[in-house]
Protein chains: 2
Amino acid sequence: MASNWIDIRDEIRRRVLERELLPGAKLPNDQELAEEFDCSRTTVQRAMLDLAQSGTVNRRRKGGTTITLHPITRTTFDIPITRLEIEAAGHEYGYFLVSRDILMSPPRVASSFGLAEPTKMLRVRALHMADKQPYIFEDRWIAHDTTPEILDVDLSRESANEWLIRNRPYSDCEVRFLAKRATHEEADLLAADVDEALFVMERTTWINGAPITTVRALAKPGYQLVAKAN
Amino acid sequence: MASNWIDIRDEIRRRVLERELLPGAKLPNDQELAEEFDCSRTTVQRAMLDLAQSGTVNRRRKGGTTITLHPITRTTFDIPITRLEIEAAGHEYGYFLVSRDILMSPPRVASSFGLAEPTKMLRVRALHMADKQPYIFEDRWIAHDTTPEILDVDLSRESANEWLIRNRPYSDCEVRFLAKRATHEEADLLAADVDEALFVMERTTWINGAPITTVRALAKPGYQLVAKAN
DNA sequence: ACAATTAATATGTGCATGCTTAAAATTTTT
DNA sequence: AAAAATTTTAAGCATGCACATATTAATTGT
């Protein structure tokens, strides 16, 4: 008779799905649910924690538990290291440094860090390849004042991304997905047509508020990011 | 002296950040950590649950807890209902039905449901507008054999999405992000240039294995999806 | 009428204990 | 001796109970 937390979660989820519980509806409190499901309040709590994390319900102390008013699709994407993504797909990984310069960051880059003023940064552009074919082109800006060691790294051998992941921890990360038309140069690098639509992943990282790096990764035409929701 | 679960989580996270714990490293078991942090195993378990869900550690019964070998960027996106997204941004929402037909689904659509054979489906194309400007164009296919009521709905007044959300629960959902070049017609509808790069969100839903709907949403030029990771 | 205080209530946290699972070690079988 | 079946055991996982904390509502004081 007594339920475990997964049964409870699934049953509440079913009630939401079957419209027995409508968006905005208030659930009985944990104690009452525990009686209904013939278990302790802890077990109900465990189920509710999961439902709250998946965005199905909202919980507020004293306010109780309510079904999320406006249904959303909550999706979790794992963005891997490009080399590993390529190798996991069974392809041969290749890496090619396109350019390495110390430049003033353009407004787009400064603003992605939330900075008003452009600063001098290390800009690294590189190409990741799968089975000799272009896969992802990355255009990276590194705040070398917070990570001076990067200036001594041979970036023609290893991608800045992998060096940074091994050596420069970050505390905050912002991710941004968008689409962008290929410029002449980008089309050339990615073996794409000019004006081809490219899928773009931008990532910016900070350590305790200080900028580390921002990268715009342009994927080859046809690239897709897939996830299962719910 | 005794720690709470958030302190423990943050301390483990700090050790990973500071490279005191390297990728692949094995953590002490919950019992030992409980002694170190002067608390019960349950409290450690709670911290570890959180770390596992954020992708920082992997836990295996008997195998113990290890730091994730290949760091990934795990990001959670909440994709809202378009009307609410527009209204939340303080814009006036507009909706316009472009077409409504019963057609054989093309291979692309059949395969997104995992079906080999094309079937007859209801195809609805509609435009969502923000302050009279095109915002998102959606091209939707609905399996009307599993949802026959949709055939009686006046889709010139309400978007199929909102009707479905209110009336047709789903159990599984797949999300896909990509970029696509605007065709003449798409450019026209979205007030974009031909060949403009469009950000595309595709969502396919099922109820217990049976197809419900698949939608390709083309966002206006400049659209971005943003999330904080970690 | 308004602000400050107090009470009530629902969720959150921590601890103790027992259960479940998967890897490793052992035994049995072929 | 190798392979299959079994037992052991070391980990994480789940649950029941008691207490902490936040938020709302009611009450009291000015």
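Note that the structure is predicted; figures quoted are calculated from it, not measured. Letters A, B, ... mirror the listed sequences (proteins, then strands); counts begin at 1.
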Contacts of type ring pair (Phe, Tyr, Trp, His ring centres under 6.0 Å), residue B:Y223, not counting sequence neighbours: B:Y135

Any residue meeting side chain to side chain donor-acceptor pair (under 3.5 Å) with B:R216, in chain and number order, not counting sequence neighbours: B:E202

Protein proximity profile, nucleotides 11-18 of chain D - base contact B, sugar-phosphate-only contact S, no contact -, cut-off 4.0 Å on heavy atoms: BBBSSBBB

Results of side-chain contact (heavy atoms from CB on, under 4.5 Å) for A:P23 - residues two or more places apart only: none

Partners passing side-chain contact (heavy atoms from CB on, under 4.5 Å) against B:L22 (at least two apart in sequence or in another chain): B:R19

Partner residues of B:F137 under the ring pair (Phe, Tyr, Trp, His ring centres under 6.0 Å) criterion, sequence neighbours left out: none

B:Y95: partners by ring pair (Phe, Tyr, Trp, His ring centres under 6.0 Å), with sequence neighbours left out: B:H128

Start and end of the DNA chain C segment that chain B contacts, any atom under 4.0 Å from a heavy atom: C:dT13 to C:dA23

Set of residues satisfying side chain to side chain donor-acceptor pair (under 3.5 Å) with respect to B:T204, sequence neighbours excluded: B:T214

